[in-house]
There are 2 protein chains.
Amino acid sequence: MTRARAAVLSALEAASEPLSAAGVASRLTGACDQATVYRALHHLEEAGLAESFVLHCAMHGVERYYAAASSTHRHWFHCESCHRFVDLGECRLGGIVSELEREHGLRVTRHTMYLTGVCGDCAAIEGGRPRDGSRGRRGAAT
Amino acid sequence: MTRARAAVLSALEAASEPLSAAGVASRLTGACDQATVYRALHHLEEAGLAESFVLHCAMHGVERYYAAASSTHRHWFHCESCHRFVDLGECRLGGIVSELEREHGLRVTRHTMYLTGVCGDCAAIEGGRPRDGSRGRRGAAT
DNA sequence: GTACATTTGCGAATCATTCGCATTATTGTC
DNA sequence: GACAATAATGCGAATGATTCGCAAATGTAC
């Protein structure tokens, strides 16, 4: 594995939540080019070392987020107030997915699922700004 | 409701599957500006008349797809061969979502779920091009 | 260590989506 | 039905994530 790819993979593994390409790039000290980050992320996903999904959030717009692949497929919750992710743990959709697969005669190769709303921390602060609201790049948080 | 918004809404209602902004625009005879289509789609979604999700497909790239809101929340399957959507019917995630909400102390306001793979028709054609593969705009179907 | 195959950097290009602003359509009110 | 106030539309340009082309640099097999 090349240096750039290894660096991108460790960034994903070190993170406690999915990272966008920009998020990965900002964590790479020996900065490598953004095109390389994108290519590395593609490569890691194809190699089964990372999983990704596309999510829209008011603060960051539409971006693809990557997480290092764990032993089991996982899903995430995204807080629309603090813009952090909460790990929802192992996927529980197996039953529903195979049910739908059977009922509709499909061959499902992949599924995407994520929840959005307000996390416990932010809910506790009664709709105000959470304790860590300092992560955005692009404004627009109404 | 203005003419443009009404036109966009009927396009969504007439379609048997979710449409991207480009898809809506291409079905509007008395063509209105693309910016207007985007604004109308936003408006309809805010008004609860449409639902949307962002999906990536090899042929069309990342796009947001809109469907006229029916009485119940629905989910879709996207075929990676013919690039059509299959309606999976009423959402069955209620149980799982509230379970996760409780377990993680979240307030879930929205969830996104979709399946991708090969639909029955395409599977029957053994990996070949399906009967209707003539819908793409941007190349890249490897 | 050499030669060949890959990957990286850099800069420019794409593509969906959004913005600014002047013009036009809607809508409630007389 | 005409009028004023408000919101929506068209047009053109801008934005932001992502991708491409190509030359230089790195990784890998022998």
Side-chain angles (χ1 to χ4, degrees), chain A residues 1-12 18-47 49-50 52-66 78 83 112 135-142, chain B residues 1-12 18-47 49-50 52-66 78 83 112 135-142:
Chain A
M1 178 169 297
T2 68
R3 191 170 344 132
R5 289 174 181 174
V8 170
L9 181 54
S10 350
L12 294 182
L19 299 178
S20 64
V24 169
S26 74
R27 289 166 198 231
L28 294 184
T29 52
C32 60
D33 191 77
Q34 63 170 24
T36 301
V37 171
Y38 279 102
R39 287 189 280 227
L41 288 169
H42 287 169
H43 176 85
L44 292 172
E45 184 161 28
E46 273 178 25
L49 298 169
S52 79
F53 56 92
V54 176
L55 174 143
H56 168 95
C57 101
M59 180 174 286
H60 304 95
V62 173
E63 286 185 305
R64 183 177 286 274
Y65 291 85
Y66 291 84
H78 182 254
H83 299 288
T112 297
R135 297 177 172 213
R137 262 164 282 126
R138 182 196 308 163
T142 8
Chain B
M1 178 168 301
T2 69
R3 194 175 336 138
R5 289 175 180 174
V8 169
L9 182 54
S10 351
L12 294 183
L19 299 178
S20 64
V24 169
S26 74
R27 290 166 197 230
L28 293 184
T29 52
C32 61
D33 192 75
Q34 62 170 24
T36 301
V37 171
Y38 279 102
R39 287 189 280 227
L41 288 169
H42 287 169
H43 176 84
L44 292 172
E45 184 161 28
E46 273 177 26
L49 298 170
S52 79
F53 55 92
V54 177
L55 174 142
H56 167 95
C57 102
M59 181 173 285
H60 304 95
V62 172
E63 287 185 304
R64 184 176 286 273
Y65 291 85
Y66 291 84
H78 182 254
H83 300 288
T112 297
R135 298 178 173 211
R137 263 164 281 125
R138 182 197 307 162
T142 13

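Within every chain, numbering begins at 1; the chains are lettered A, B, ... in the order of the sequence lines, protein sequences first and strands thereafter.
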Checklist entry - What residues, two or more places apart in sequence or in another chain, satisfy side chain to side chain contact (heavy atoms under 4.5 Å, CB included) together with A:A21? => result A:V37, A:Y38, A:L41
Next on the checklist: Please classify the nucleic acid contact of A:R64 as base, sugar-phosphate, or nothing, using heavy-atom distances under 4.0 Å.
Outcome noted: sugar-phosphate
Item to check | Gap between atoms CD and P, on A:Q34 and C:dA12 respectively (whole Å) | outcome: 13 Å
Next on the checklist: If you assign each of B:Y38 and B:M1 to its closest nucleotide in DNA chain C, which residue comes earlier from the 5' end?
Outcome noted: B:Y38
Item to check | Rounded distance [0.5 Å steps], CG in A:D33 versus CZ in A:R39 | outcome: 7.0 Å
Item to check | Comparing A:A40 and B:A35 on DNA chain C - which has the more 5′ nearest nucleotide | outcome: A:A40
Checklist entry - Can you list the residues that meet the ring pair (Phe, Tyr, Trp, His ring centres under 6.0 Å) rule with B:H43, with sequence neighbours excluded? => result none
Checklist entry - Taking atom NE2 of A:H78 and atom CG of A:L55, what is their separation to the nearest 0.5 Å? => result 5.5 Å
Next on the checklist: Would you say that B:Y65 contacts B:S20 through its side chain, given a criterion of any heavy-atom pair below 4.5 Å between the two side chains?
Outcome noted: yes
Checklist entry - So how far is it from B:M1 CE to B:L44 CG, rounded to the nearest 0.5 Å? => result 6.0 Å
Checklist entry - Between B:H42 (NE2) and D:dA7 (C1'), how many Å, whole number? => result 17 Å
Checklist outcome for this item: Taken to the nearest whole Å, NE2/A:H43 to P/C:dT7 is 7 Å
Next on the checklist: Expressed as a whole number of angstroms, how long is the span from B:L28:CG to D:dT9:C1'?
Outcome noted: 13 Å
Next on the checklist: Can you measure B:L44 atom CG to D:dA7 atom P for me and round it to whole angstrom units?
Outcome noted: 18 Å
Next on the checklist: What's A:H56 touching, base or sugar-phosphate or nothing? Going by heavy atoms closer than 4.0 Å.
Outcome noted: nothing
Item to check | Euclidean distance, atom CG of residue A:L19 to atom P of D:dT18 [Å, nearest integer] | outcome: 13 Å
Checklist outcome for this item: Here the distance between atom P of C:dT18 and atom CG of B:L41, to the nearest Å, is 10 Å
Checklist entry - When the distance from CG of B:D33 to P of C:dG20 is rounded to whole Å, what number comes out? => result 16 Å
Next on the checklist: If you take any heavy atom closer than 4.0 Å to DNA chain D, which residues from residues 2-9 of chain B end up in contact?
Outcome noted: B:T2, B:A4, B:R5
Checklist outcome for this item: Against the side chain of A:R39, the closest entry in C:dG9, D:dT18, D:dT9 is C:dG9
Checklist entry - Roughly how far apart are A:L9 CG and A:T2 OG1, rounded to 0.5 Å? => result 10.5 Å
